[in-house]
Amino acid sequence: MKSLVIKDLHANIGDREILKGLSLTIEPGKVHAIMGPNGSGKSTLSKVIAGHPDYTVTGGEVLLDGENILCLAPDERARKGIFLAFQYPMEVPGVTIANFLRAAVAARLPEGEELEATDYYYRLYEKMDLLEMDRAFTSRSVNEGFSGGEKKRCEILQMAMLEPKYAILDETDSGLDIDALRIVSHGVNTLRSPDRGMLLITHYQRLLDYIVPDVVHVMVEGKIVLTGPKELALELEAKGYDWVKEDEAAAAAAR
Ligand code: ADP
Ligand code: MG
């Protein structure tokens with residue numbers, strides 16, 4: 001039963017409900033995209049899956065290959081194979097990219113196994129080349145003073161090094177110019193694998209020209225209201241989100 005299954009998920013921030021019964025299944029090898037208007041709860045969903053402490057889950061399940069992960073700490077979820085690339089990556093002054101990633105990779109090794117420095121740097125440089133990142137970045141503090149595009153590349157570099165089973169990419173396209181978008185998308189496409197499921201969260205269709213999803217979902221007010229093939233993204237681009245909301249309102253009225 002390999003998949004990331006989100007079942008009837010409800011989550012609050014404070015006493016306000018943001019996720020209102022969201023269900024979604026991501027199979028290994030598939031790329032699912034979630035599109036939706038701002039404020040519909042897309043980032044909330046990604047943070048709830050990763051285990052962000054600001055959100056309270058009030059109902060539902062998240063099953064990683066059959067195991068409910070909602071009771072696990074964020075680092076345990078990460079070790080089990082969940083990865084989240086943030087919409088707004090944090091700056092971590094004083095911690096270099098090289099040390100940060102080395103600690104992250106080492107933390108996932110089985111007990112007693114060590115990370116050889118030469119192997120580590122070989123892999124790091126290989127992945128940085130893929131993302132067209134200058135090697136000088138390894139000695140810079142994580143995200144400190146980075147441009148929007150550099151921050152997003154740094155997120156994808158983390159994904160490349162951690163090799164997660166399920167990756168959630170929250171608005172990886174935001175703040176990218178067209179060249180950075182091309183490079184980041186190439187990086188993500190290279191990381192597509194039959195063993196890896198991906199959830200791409202985006203407000204705009206443009207990203208999906210570069211990373212073509214298998215399935216597109218529309219999220220409105222804390223729920224998936226529509227699911228379709230990749231062409232759905234084009235329809236949304238042309239028609240906006242209002243028609244989905246109207247359909248949903250009509251369906252709700254009929255219930
Ligand atoms: P999206 O990513 O789809 O734009 P978000 O998940 O960021 O949506 O936000 C959903 C709703 O939850 C918004 O109304 C937002 O203001 C609210 N929200 C999200 N995070 C917080 C927070 N930390 N504190 C208060 N409100 C929040
Ligand atoms: Mg968001």
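We number each residue from 1, following the sequence as shown. Just so you know, ligand 1 is whichever comes first in the structure, and atom 1 is the first atom listed for that ligand.
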When you check the side-chain N and O atoms of [X] and [Y], is any donor under 3.5 Å from an acceptor?
X: Thr202; Y: Asp173; answer: yes
X: Lys152; Y: Ser174; answer: yes
X: Glu17; Y: His10; answer: yes
X: Asp170; Y: Ser43; answer: yes
X: His32; Y: Glu27; answer: yes
X: Glu221; Y: Ser40; answer: no

Atoms in ligand 1 flagged as close to [X], the criterion being non-hydrogen separation under 4.0 Å:
X: Thr44; answer: 5 (P), 6 (O), 9 (O), 10 (C)
X: Asn38; answer: 4 (O)
X: Arg16; answer: 11 (C), 13 (C), 14 (O), 17 (C)

Practice task
Pick one of side chain, backbone, both or neither for how Glu171 approaches ligand 1, counting any non-hydrogen atom pair under 4.0 Å.
Solution key: neither
Problem - Contact partition for Tyr55 relative to ligand 1, non-hydrogen atoms under 4.0 Å - result: side chain
Identity and separation of the nearest protein heavy atom to [atom]:
atom: atom 12 (O) of ligand 1; result: Ile18 CD1, 3.1 Å
atom: atom 7 (O) of ligand 1; result: Ser43 CB, 3.6 Å
atom: atom 27 (C) of ligand 1; result: Ile13 CG2, 4.0 Å

Practice task
Verify the neighbour count for atom OH of Tyr241: are there more than 12 heavy atoms of other residues, nucleotides or ligands below 6.0 Å?
Solution key: yes
Is [X] in polar range of ligand 1, meaning some N or O pair under 3.5 Å apart?
X: Asp54; answer: no
X: Gln87; answer: no
X: Gly41; answer: yes

Problem - Salt-bridge criterion met for Asp129 and Arg135 (N-O under 4.0 Å) - result: yes
Practice task
Tell me whether Gln87 has at least one N, O or S atom under 2.8 Å from the Mg ion (ligand 2).
Solution key: yes
Practice task
For the Mg ion (ligand 2), decide whether Ser43 has an N, O or S atom at a distance under 2.8 Å.
Solution key: yes
Exercise for the section: Look at the side chain of Arg108 and the backbone N and O of Leu162, then say whether any donor-acceptor pair between them is shorter than 3.5 Å. Expected result: yes
Problem - Side-chain (Tyr166) to main-chain (Ser3) donor-acceptor, under 3.5 angstrom - result: yes
Handout entry: Pick from Gly14, Gly39, Pro37: the one approaching atom 10 (C) of ligand 1 most closely through a non-hydrogen atom
Key = Gly39
Exercise for the section: Would you please determine whether Gly36 falls within less than 4.0 Å of ligand 1 on a heavy-atom basis? Expected result: no
